[in-house]
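What follows is a single structure, written as structure tokens, with notes after it.
All values below were derived from every heavy atom in this structure, side-chain atoms included, with hydrogens, water molecules and symmetry-related copies excluded. Quantities reported herein were computed from a predicted structural model and do not represent experimental measurements. Chain letters run A, B, ... following the sequence lines, proteins first and then strands; every chain starts at 1.
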Amino acid sequence: MTISRNITESDHEMSVDDRSGLVSRELLTVPDSNAGELEVVPMRKPKGAEVAQRRIRRPFSVSEVEALVKAVEKLGTGRWRDVKLHAFDDPKPQTYVDLKDKWKTLVHTARISPQQRRGEPVPHELLDLVMADEQEKDLVEMLQENHLIDISKYANYVKFCPQCGCP
DNA sequence: TTTAGGG
DNA sequence: CCCTAAA
């Protein structure tokens, strides 16, 4: 019996989180009979089977970290979709959520002592840039809290192109 | 679908 | 990495 189907030519919506082709989630369509009011549909309970497989660990190469830092340097920390597009070739396995997570670990890495870091050492030059961006973010945050500036109507910490002004 | 954070 | 509430 086939439990988890590997849909390849289906018409299911493709989401960025599709685990390397292993398709996950399906879009269940509820019979719109009693159309209108609030009705919680039973929805098949994902019993035992079709439990999506966890993606394999894929450490970022120093090269990729550099691309990530470079992209964040230009786009900021609030648009991982664009960061993904600007720093990685679409087919790459890393999703923008992964990049967001990687940035989080980079900030952590930059804060701990070099001795407690693991894996291929990330050039401190890069970690310095990460810290710099974080500092800038914290500064803006502080200035806002102190009513020294007001950019509340804009996304937090996004940077804007000096030229085209595109966020 | 993307953002944003906790799990 | 995953899960997912919100937007």
When A/Glu64, A/Lys84, A/Lys102 are each screened for side-chain hydrogen bond (donor to acceptor under 3.5 Å, both in side chains) with A/Gln94, the one that passes is A/Glu64
So CZ of A/Phe88 and CG of A/Leu68: to nearest 0.5 Å the spacing works out to 5.5 Å
In whole angstroms, the gap separating P of B/dT2 from CH2 of A/Trp103 amounts to 21 Å
Between the protein and nucleotides 5-7 of chain B, list every N/O to N/O distance that falls short of 3.5 Å.
| unit_1 | atom_1 | unit_2 | atom_2 | d |
| --- | --- | --- | --- | --- |
| B/dG5 | N7 | A/Lys100 | NZ | 2.6 |
| B/dG5 | O6 | A/Lys100 | NZ | 2.8 |
| B/dG6 | O6 | A/Lys104 | NZ | 3.4 |

Phosphate OP1/OP2 of B/dT3: any A/Arg79 side-chain N/O under 4.0 Å:
no
Taken to the nearest whole Å, NZ/A/Lys137 to C1'/B/dA4 is 11 Å
(message) Between A/Asp98 and A/Arg58, does any side-chain N to carboxylate O distance fall below 4.0 Å?
(response) no
Between N or O atoms, less than 3.5 Å apart, protein on one side and nucleotides 5-7 of chain C on the other: list the pairs.
none

Heavy atoms of A/Phe60 and A/Leu99 approach each other most closely as CE2-CD2, 3.6 Å
A/Lys102 NZ to C/dC1 P, in whole Å, measures 9 Å
TODO: Inspect the contact between A/Glu134 and A/Lys137 and indicate whether a charged nitrogen and a carboxylate oxygen are less than 4.0 angstrom apart.
DONE: yes
Hey, is the side chain of A/Tyr96 poking within less than 4.0 Å of OP1 or OP2 on B/dT3, counting only N and O atoms? no
Rounded to whole Å, CD of A/Gln53 lies from P of C/dC3 at a distance of 12 Å
| query | Taking the side chain from A/Arg117 and the backbone from A/Ile112, do they hold a donor-acceptor pair closer than 3.5 Å? | reply | yes
When rounded to whole Å, the CZ to C1' distance for the pair A/Arg81 and B/dA4 reads 16 Å
d(A/Glu73 CD, A/Glu136 CD) to nearest 0.5 Å is 8.5 Å
Rounding to 0.5 Å, atoms CD (A/Gln116) and CZ (A/Arg111) come to a distance of 13.5 Å
Exercise for review: Determine, stepwise, if the pair A/Val130 / A/Trp103 fulfils side chain to side chain contact (heavy atoms under 4.5 Å, CB included).
Suggested key: CA-CA 8 Å; A/Val130 172; A/Trp103 181 262; 4.0 Å; yes
A/Gln94 CD to C/dC1 C1', in whole Å, measures 12 Å
